[in-house]
Amino acid sequence: MSIEAFDHWERRGRPLYRAEQVRELDRRTIAEEGDGFALMQRAAMAAWQGLKARWPGAGTVTVLCGGGNNGGDGHVLAALAAAEGRTVQRILLKAVDDLTGDARRAAEMASAAGVGVESWRPGLALRGELVVDALLGTGLGGEVRGDIRDAIAAVNESNLPVLAIDIPSGLHADTGAVLGVAVRATRTVTFIGDKLGLHTGAAPAHVGELDFRSLGVDAEAQADLLPAARLLDAGLVGAWLPPRARDAHKGDFGHALILGGAPGFGGAALLAAEACARLGAGKVSLATAPAHVTASLVRRPEVMVHGVRGAAELGELAGHAGVLVVGPGLGQGSWGQGMLQAALQAARPLVVDADGLNLLAARWSGERRDDWILTPHPGEAARLLGISAAEVETDRPAAVCELQRRRGGVVVLKGAGTLVAGPEGLTVCPFGNPGMASGGMGDALSGILGGLLAQGLPLEAAARVGVLVHALAADMAAGDIGERGLLAGDLASYAQLLINPGTGDGHAAATR
């Protein structure tokens, strides 16, 4: 694929912005239109439309309004709801007389529409069939405290469905971290520019269904406001994996070598090898501890399995492979150390996962190269960065970008809202499900990545496509057999369907 074609597919991914950038877009729009209140009304109307689309029969609505413009959106929504005959309970965290600017004007509009007010107090009953969260906007930087914290807790404890306006209150708009406590929304309607923090970290547990409304603002027309990231688009899979030539042979699709499976840990390496083969690598070899050879051949005879007692036996085998995957079941003992050292010396593109990453952190802390993909979970990323896993989760985008800066290549930070950082920027995967929280899922991903690299995909494209295939395959599997009890070994066959459009439900099933 040409660079131009690749760029076309990349642009299909929705741009994601930081809160400061969206506020600048807001400011520019108001300056151009000359009326901030008109923009607030458009936002409230979009939120009201989002509410009606999700809960068309709701006759009673509780709206909690904070003191800023997010609260102003809530006041206008309350007026719109009342105008359509809905019963509205409007709860204020800041008295109307203490409001200023457009927020004050919005509150007075709701009062003129006949919507009553109640001041927040602990124990106040939320009487609506659903709750509208208009407490806090994207400007929140510190931990939620006081009455706002109590109100958020009450919303979550009510077990009522919740519509969040722009962002669930308490969620950091840039990082997806919870600032002490955050609303667990059923649906979030966000405006002008989609926010990075709505797609990673704790966000999937708080955002619910995401409904983006541009309000007529073309964010990408602002050439000086480059997106902080982009959402990966499922169309990228088909763009990079078109139908094969009719005269193709296995040599056209590369040779991947999986290095892993220290004594007692053979399953992880085998999961990686099977995923690599299902992704279409022409040949897949597995270098593992001799004790695992028989079981590996019984499970997957198509993989060329080699019992390796130490790194000295790897030379010719590594030399024949085009890409090496090192880490699944590697262990951190002398066997694993030798295998990783041999991989680092092999002058081949690498995928490094699991104990390969732990060994990098412990013994190769200065290693940096441009031809590898590192795939840490937050704990492994923390070891590589010399910080805690909690610090990684506090700002996942910053952590993955810093790790890529230090180590080079491409870094995949796994978890809810997996992040891919490379020389071309940051991307976020919006797919995947909680069923992936089981052993071996990372091994399957490393095999998928190895299979794509073997077939000639550039490093960053392989990382992005691989993360998509991994997540979409898990979504297909969960749709068929459920999330609970989903196994890493279930993914390989679904991944194969996914990368072969027109086979079974294939790609269409994964993107419904």
Side-chain angles (χ1 to χ4, degrees), residues 13-22 138 140-143 167-168 170-182 184 188 190 193-207 210 226-232 352-354 357-358 360-361 373-434 436-437 441-442 445 449 460 463-464 466-468 470-471 474:
R14 183 189 300 167
L16 303 178
Y17 297 92
R18 297 190 182 277
E20 183 179 358
Q21 293 176 300
V22 178
T138 60
L140 182 66
E143 189 167 312
I167 188 169
L171 191 71
H172 197 291
D174 293 345
T175 68
V178 171
L179 297 173
V181 64
R184 291 185 178 270
T188 297
T190 197
D194 198 354
K195 289 84 180 168
L196 174 56
L198 293 176
H199 297 276
T200 193
H206 291 267
V207 171
L210 183 63
L226 297 178
R230 284 188 181 272
L231 278 181
L232 287 172
V352 186
D353 185 31
L357 297 169
N358 292 325
L360 281 181
I373 301 174
L374 308 181
T375 63
H377 59 53
E380 291 157 349
R383 287 186 280 278
L384 287 163
L385 289 168
I387 60 178
S388 69
E391 288 174 291
V392 170
E393 291 289 73
T394 296
D395 194 339
R396 285 169 54 84
V400 72
C401 289
E402 175 61 16
L403 189 49
Q404 193 279 330
R405 185 191 68 80
R406 293 188 194 183
R407 292 289 188 162
V410 179
V411 180
V412 175
L413 180 57
K414 296 180 290 196
T418 291
L419 300 170
V420 182
E424 296 176 14
L426 182 65
T427 50
V428 187
C429 181
F431 306 106
N433 63 79
M436 300 171 77
M441 286 290 173
L445 174 61
L449 296 171
E460 201 156 357
R464 294 173 178 178
V467 164
L468 274 171
H470 186 243

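Taking the side chain to side chain contact (heavy atoms under 4.5 Å, CB included) definition, one finds that Ala416 meets it with Pro204, sequence neighbours left out. The side-chain hydrogen bond (donor to acceptor under 3.5 Å, both in side chains) search around Glu391 returns Ser388, not counting sequence neighbours. For Val400, the side chain to side chain contact (heavy atoms under 4.5 Å, CB included) partners at least two apart in sequence or on another chain are Val411, Leu413, Leu419, Ala421, Leu426. Residues passing the side chain to side chain contact (heavy atoms under 4.5 Å, CB included) test with Ala19 are Arg23, Thr138, Ala173, Asp174, sequence neighbours excluded. Residues satisfying the side chain to side chain contact (heavy atoms under 4.5 Å, CB included) test with Thr394, not counting sequence neighbours, are none.
In this structure, the separation between CZ on Arg14 and NE2 on His199 is 6.0 Å, given to the nearest 0.5 Å. Taking CD of Glu402 as the reference point, atom CG of Asp395 lies at 11.0 Å (rounded to 0.5 Å). Going from atom NZ of Lys195 over to atom CG of Leu171 covers 11.5 Å, rounded to the nearest 0.5 Å. A distance of 7.0 Å separates CD1 of Ile167 from OG1 of Thr190, quoted to the nearest 0.5 Å. With rounding to the nearest 0.5 Å, the separation of CG in Asp194 from CG in Leu210 is 5.5 Å. Between the CE atom in Met436 and the NZ atom in Lys414 there is a gap of 9.5 Å [rounded to 0.5 Å].
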What pairs of donor and acceptor atoms, side-chain ones from residues 378-385 against any protein atom, are under 3.5 angstrom apart with sequence neighbours left out?
unit_1: Glu380; atom_1: OE1; unit_2: His377; atom_2: N; d: 3.0
unit_1: Glu380; atom_1: OE2; unit_2: His377; atom_2: NE2; d: 3.2
unit_1: Arg383; atom_1: NE; unit_2: Asn358; atom_2: OD1; d: 2.7
unit_1: Arg383; atom_1: NH2; unit_2: Asn358; atom_2: OD1; d: 3.2

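Looking at His470, its side chain does come within 3.5 Å of a backbone N or O of Met441 through a donor-acceptor pair. Between the side chain of Arg396 and the backbone N or O of Gly417 there is at least one donor-acceptor pair closer than 3.5 Å. For the pair Arg184 (side chain) and Ala205 (backbone), a donor-acceptor distance under 3.5 Å is present.
Under the side-chain contact (heavy atoms from CB on, under 4.5 Å) rule, Leu16 has a single partner from Leu198, Leu196, Thr427, which is Leu196.
In Glu143, the CD atom is crowded: over 12 heavy atoms of neighbouring residues, nucleotides or ligands sit closer than 6.0 Å.
Side-chain contact between Gln404 and Pro423 is present, with at least one heavy-atom pair separated by less than 4.5 Å.
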